[in-house]
2 protein chains.
Amino acid sequence: MRVSPIAGSPPHAVEQALTTLGRNIRTARLRRRLSRRQLAEKVGMSRYLMADIEAGKPTTAVAAYIGTLWALGLLDDVEALAHPDQDLEGKVLEAARRPTTAPKRGRALDDDF
Amino acid sequence: MRVSPIAGSPPHAVEQALTTLGRNIRTARLRRRLSRRQLAEKVGMSRYLMADIEAGKPTTAVAAYIGTLWALGLLDDVEALAHPDQDLEGKVLEAARRPTTAPKRGRALDDDF
DNA sequence: GAATAGAGTTGTTTTAAGGCAACATAAATC
DNA sequence: GATTTATGTTGCCTTAAAACAACTCTATTC
C-alpha cells in the first residue's frame, strides 16, 4: 500500500492531535474498566489494532478510531467535527464574498448537492 | 491488506458519522473557495484521496482526515475528541468505583503513567 | 511465590489502500 | 459554442495495514 505524505510523516500538529486522541481513548477505556481485548471485541477489531489506536498511529483506518469512540459512547464529539455552524472562519469568508461578483469559478454560495 | 470488521462494514452510526464528517469537510472547503486539488496539495495527498474523504470512506487513514481538518484550520475540534474532562460517563464510573476496593484488576484509579 | 491476566514486541501472511493515468462529464468563462 | 477547470470513474501497480502466533515483561490476586 502506498501511504500519503500526510499519513507517512504528518506535521507536528497532526501528530500531536493523534497522540492526544489515543491517550484520551485509553483514559476512557480504563475508566470503564475494560481491557484492550474487551473493548476491541466490542468494536470489532483485534487487540493489536486497539494498541495502535491508543498510540495514535496515523495510518490506521479512520473507522477504527470512530468505531472505538462509538463503543465508548463518545460519538457525539465526532458529530461536532467541522460542523458548518461552528466554522466561524468559513462563515466569515462566505459572507465577505457575498457582495462581490463571483471571483472566478465554483458553484457560487450554496452548500453542495 | 486486511480490513477489520469495523472498517469493512461499520455499524450504521459510525457510517453516518463519517458521511457527515465528509460533508462538513466539503462545505468548509467550498467556503474557502478551494478545489479538491488545491486542498489536497496543501494537506499532502492526491485529489483522489480527498474525494474519498469527502465521501466518508471508512478505510482511509485517520491522518488523512485529521490532516485535512488541520489544513482547514479546524484542528481545535479534534482536540476535544474524547477529552477526559468532557467524558461525564467516565467520570461517573470512576467516582462510583472509588469507595469500593479494587474490583478485580487494573492499575487503580490513576490516569496512566 | 505461584498463577493469572493485561499489555508490549517481533516476524509472517494476506490483501486492499492510495497514487496515477486515462478517460468522461459538468459547469463556468470567454 | 469553444475553452478551461472541477470532478467522477475505472483499472493497474506497489506496498504496508491488520490479523495472528509466539513469545516477553509486568502487575495483581491468591
Side-chain angles (χ1 to χ4, degrees), chain A residues 1-10 18 22-23 25-27 29-65 67-68 97 100-113, chain B residues 1-10 18 22-23 25-27 29-65 67-68 97 100-113:
Chain A
M1 181 215 233
R2 292 190 186 162
V3 167
S4 47
I6 186 68
S9 48
L18 282 171
R23 199 159 34 83
I25 286 175
R26 180 186 179 91
T27 300
R29 173 178 65 81
L30 290 174
R31 276 179 168 168
R32 285 161 180 76
R33 274 278 196 266
L34 296 169
S35 71
R36 282 185 181 171
R37 198 184 293 267
Q38 288 174 319
L39 181 56
E41 192 182 6
K42 278 180 74 168
V43 178
M45 62 169 92
S46 70
R47 72 180 180 97
Y48 310 100
L49 189 47
M50 185 59 71
D52 287 342
I53 287 172
E54 292 190 355
K57 195 176 164 195
T59 50
T60 292
V62 68
Y65 281 85
T68 300
R97 198 162 61 241
T100 72
T101 45
K104 252 200 114 169
R105 204 161 300 270
R107 302 221 305 303
L109 307 159
D110 61 303
D111 300 356
D112 63 323
F113 77 103
Chain B
M1 181 212 232
R2 292 188 186 166
V3 167
S4 47
I6 187 66
S9 49
L18 282 170
R23 199 160 33 84
I25 286 175
R26 180 187 178 89
T27 301
R29 171 178 66 81
L30 290 174
R31 276 179 169 168
R32 287 163 180 74
R33 274 276 197 267
L34 296 169
S35 71
R36 282 185 182 170
R37 198 184 293 267
Q38 287 173 320
L39 181 56
E41 192 183 7
K42 277 180 76 168
V43 178
M45 63 169 93
S46 70
R47 73 179 180 96
Y48 309 101
L49 189 48
M50 185 59 70
D52 287 342
I53 287 171
E54 292 189 355
K57 194 176 166 194
T59 50
T60 292
V62 67
Y65 280 85
T68 300
R97 198 162 61 243
T100 73
T101 44
K104 254 199 111 168
R105 205 162 298 272
R107 302 222 304 304
L109 307 159
D110 61 302
D111 301 357
D112 61 325
F113 73 120

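So that the names make sense, note that chain A is the first sequence line, chain B the second, and so on, each numbered from 1. Every value quoted in this text rests on a predicted model; they were computed, and no experiment measured them.
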| request: Please report, rounded to the nearest Å, how far the P atom of D:dA18 is from the CZ atom of A:R37. | output: 18 Å

| query | Looking at NZ of B:K57 and OG1 of B:T59, how far apart are the two atoms once the value is rounded to the nearest 0.5 Å? | reply | 4.0 Å

| More than 12 heavy atoms from other groups under 6.0 Å of CD on A:E41 | no

| request: Figure out the CG/C1' separation between B:L34 and D:dT5, and round it to whole Å. | output: 15 Å

| field | For the student: nearest non-hydrogen atoms of A:R33 and A:Q38, plus distance | value | O-OE1, 3.9 Å

| query | Which atom names give the shortest non-hydrogen contact between B:Y65 and B:D52, and what distance separates them? | reply | OH-O, 4.1 Å

| Between atom CD in A:E41 and atom C1' in D:dA19, what is the gap in whole Å? | 15 Å

| query | Given atom CD1 of B:I6 and atom C1' of D:dA19, what is their separation to the nearest angstrom? | reply | 16 Å

| task | Would you name the heavy atoms of A:P58 and A:L18 that are closest together and state the gap between them? | result | CA-CD1, 3.7 Å

Contact list (N/O, under 3.5 angstrom) for nucleotides 17-21 of chain C vs protein:
{"unit_1": "C:dA17", "atom_1": "OP1", "unit_2": "B:T59", "atom_2": "OG1", "d": "3.4"}
{"unit_1": "C:dG18", "atom_1": "OP1", "unit_2": "B:A61", "atom_2": "N", "d": "2.9"}
{"unit_1": "C:dG18", "atom_1": "OP2", "unit_2": "B:T60", "atom_2": "OG1", "d": "3.2"}
{"unit_1": "C:dG18", "atom_1": "O4'", "unit_2": "A:R2", "atom_2": "O", "d": "3.2"}
{"unit_1": "C:dG19", "atom_1": "OP2", "unit_2": "B:S46", "atom_2": "OG", "d": "2.7"}
{"unit_1": "C:dA21", "atom_1": "N7", "unit_2": "B:Y48", "atom_2": "OH", "d": "3.1"}

| query | With B:A61, which residues qualify under side chain to side chain contact (heavy atoms under 4.5 Å, CB included), at least two apart? | reply | A:A7

| note | B:M50 CE to D:dT9 P, in whole Å, measures 18 Å

| Is A:R29 salt-bridged to A:E54, cutoff N-O under 4.0 Å? | yes

| Can a side chain N or O of B:R29 be found less than 4.0 Å away from OP1 or OP2 on D:dT7? | yes

Which protein N or O atoms sit under 3.5 Å from an N or O of nucleotides 24-26 of chain D?
none

| Distance from A:R2 atom CZ to B:L49 atom CG, nearest 0.5 Å? | 13.0 Å

